[in-house]
Amino acid sequence: IVSEKSGDNAVLTVLTDAETQDYVAALTRMSPDAAQRLDEAAREAIATGAKKQDVAMLINESFNYDLAEIFKRMPSMDVTYVNELIDLSSDAMRQLSSSRSKWCKAGTYEKMQYMSEKQAMEFGQSFFDYGTPFYTYAVRVNTILFNGVADARKSPARYGKLTSSDEAALQSLMFSMMMDPEVQSLMAMGSGRMNTQALARVDLCKLGLAGIDAVAKLPNETKGRLWAEGMRQIDSGEITKQLQGLQMSAF
């Protein structure tokens, strides 16, 4: 049985970076049972000669160990954790964009339409190879979420329904995003078949950053209510239904 001390988890005998250590500590704090499952899977994998990447895949799988508990508690996470997610995402997007990472180029993902299902799956998994920016980002995001869920279980934040001032702030946010040069470049391509060369020039990181920075400027009270409502809709499946409706209307 895994100890309550996260340092006893077998994962950390192979993956020694600080981000993974923090992640295992947060997972242990949120769900000792989930941490035990990870420990057992890691011990079995290591015994059969698993390499760092193999163990990192177990970390990725453990993101989903206790989804029911995670989604149940996320609407009552304190807004300080939401701000941590915003700051982390903003920093990650800026670093990727400034380094001109291929992951920021829309053309990188445009190639996926020509891949087989297996190739597309392998391509998607490669995002999260151990040591890549996406692996580090995903681990840090989940560390924040798991700590937020653990605290929400003890001291849940209570947010009311969205107010008229929240809706006005959202309208202002959308207008701000529409004025962003990267968003306007994407809109200028039109709704028809996009020019491949034009699409390749779109910096998705700058596009994401426009949205993140706009959300960061919202009042904490508004962010809290938006977060809670968004998480409730995800948990209920309402957002999935809306996305499916948009897909149907596009054809």
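The figures that follow rest on heavy atoms only: side chains count, while hydrogens, waters and symmetry mates do not.
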Got a salt bridge between Lys217 and Asp213, using NZ or NE/NH1/NH2 to carboxylate O under 4.0 Å?
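Looking at Asp213 together with Lys217, the answer is no, because their closest N to O distance does not fall below 4.0 Å.
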With rounding to the nearest 0.5 Å, note down the distance linking [atom1] in [X] to [atom2] in [Y].
| X | Y | atom1 | atom2 | result |
| --- | --- | --- | --- | --- |
| Glu84 | Asp78 | CD | CG | 9.5 Å |
| Met93 | Leu207 | CE | CG | 9.0 Å |
| Asn9 | Glu40 | CG | CD | 10.0 Å |
| Arg158 | Ser76 | CZ | OG | 7.5 Å |

Answer whether the closest heavy-atom distance between the side chains of [X] and [Y] falls below 4.5 Å.
| X | Y | result |
| --- | --- | --- |
| Met174 | Leu170 | no |
| Tyr159 | Glu229 | no |
| Thr80 | Asn83 | no |
| Ile234 | Met74 | no |
| Arg140 | Ile144 | no |
| Leu58 | Glu61 | yes |
| Arg153 | Glu69 | yes |
| Ile70 | Met30 | yes |

Given salt bridge (Lys or Arg N to Asp or Glu O under 4.0 Å), test Arg37 with Asp33 step by step and report yes or no.
CA-CA 6 Å; Arg37 287 178 60 189; Asp33 289 344; over 6 Å; no
State whether the side chain of [X] and the backbone N or O of [Y] hold a donor-acceptor pair below 3.5 Å, judged by distance alone.
| X | Y | answer |
| --- | --- | --- |
| Asn147 | Thr143 | yes |
| Asp129 | Thr132 | no |
| Ser90 | Asp87 | no |
| Ser89 | Leu85 | yes |
| Asn142 | Phe63 | no |
| Ser155 | Ala152 | no |

Would you check if there is a donor-acceptor pair between the side chains of Ser101 and Ser99 at a distance under 3.5 Å?
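No, Ser101 and Ser99 have no side-chain donor paired with an acceptor closer than 3.5 Å.
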Minimal non-hydrogen separation, [X] against [Y], with atom names:
| X | Y | result |
| --- | --- | --- |
| Thr163 | Ser165 | OG1-OG, 2.8 Å |
| Ile86 | Lys223 | CD1-CD, 3.7 Å |
| Ala35 | Leu27 | CA-CD2, 3.9 Å |
| Ala169 | Leu218 | CB-CD2, 3.7 Å |
| Ser97 | Cys205 | CB-CB, 3.9 Å |
| Ala92 | Tyr137 | CB-CD1, 3.8 Å |

Could you state whether Met57 and Leu38 fall into the same hydrophobic cluster, counting links through intermediate Ile, Leu, Val, Met, Phe, Trp or Tyr residues with side-chain heavy atoms under 4.5 angstrom apart?
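They do not share one cluster, since no chain of ILVMFWY contacts under 4.5 Å joins Met57 to Leu38.
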Could you walk me through whether Gln171 and Glu167 pass side chain to side chain donor-acceptor pair (under 3.5 Å), step by step?
CA-CA 6 Å; Gln171 291 177 350; Glu167 293 174 359; over 6 Å; no
Parallel, tilted or perpendicular: which one describes the rings of Tyr23 and Phe146, with boundaries at 30° and 60°?
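Aromatic pair Tyr23/Phe146 classed tilted.
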Of Val24, Val139, Ile59, which is the lone residue that meets side-chain contact (heavy atoms from CB on, under 4.5 Å) with Glu19?
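Considering Val24, Val139, Ile59, a side-chain contact (heavy atoms from CB on, under 4.5 Å) with Glu19 is found only for Val139.
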Check step by step if side chain to side chain contact (heavy atoms under 4.5 Å, CB included) holds for Asp151 and Met77.
CA-CA 7 Å; Asp151 281 349; Met77 264 175 44; over 6 Å; no
Just do the side chain to side chain contact (heavy atoms under 4.5 Å, CB included) check on Thr16 and Leu12 with the steps written out, would you?
CA-CA 5 Å; Thr16 59; Leu12 302 180; over 6 Å; no
State whether the number of non-hydrogen atoms from other residues, nucleotides or ligands found under 6.0 Å of Gln53 atom CD is greater than 12.
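For Gln53, atom CD is crowded (more than 12 foreign heavy atoms under 6.0 Å).
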Before giving the answer on side chain to side chain donor-acceptor pair (under 3.5 Å), spell out for Asp17 and Thr20 the whole-Å C-alpha distance, their side-chain angles and the decisive distance to 0.1 Å.
CA-CA 6 Å; Asp17 61 284; Thr20 301; 2.9 Å; yes
Given Leu15 and Tyr130, is the side chain to side chain contact (heavy atoms under 4.5 Å, CB included) satisfied, shown in steps?
CA-CA 9 Å; Leu15 308 181; Tyr130 184 65; 3.7 Å; yes
Asp166: which residues meet the salt bridge (Lys or Arg N to Asp or Glu O under 4.0 Å) condition with it, sequence neighbours left out?
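In terms of salt bridge (Lys or Arg N to Asp or Glu O under 4.0 Å), with neighbours along the sequence ignored, Asp166 is linked to Arg225.
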Under 6.0 Å between the ring centres of Tyr135 and Phe128?
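Ring centroids of Tyr135 and Phe128 are no less than 6.0 Å from each other.
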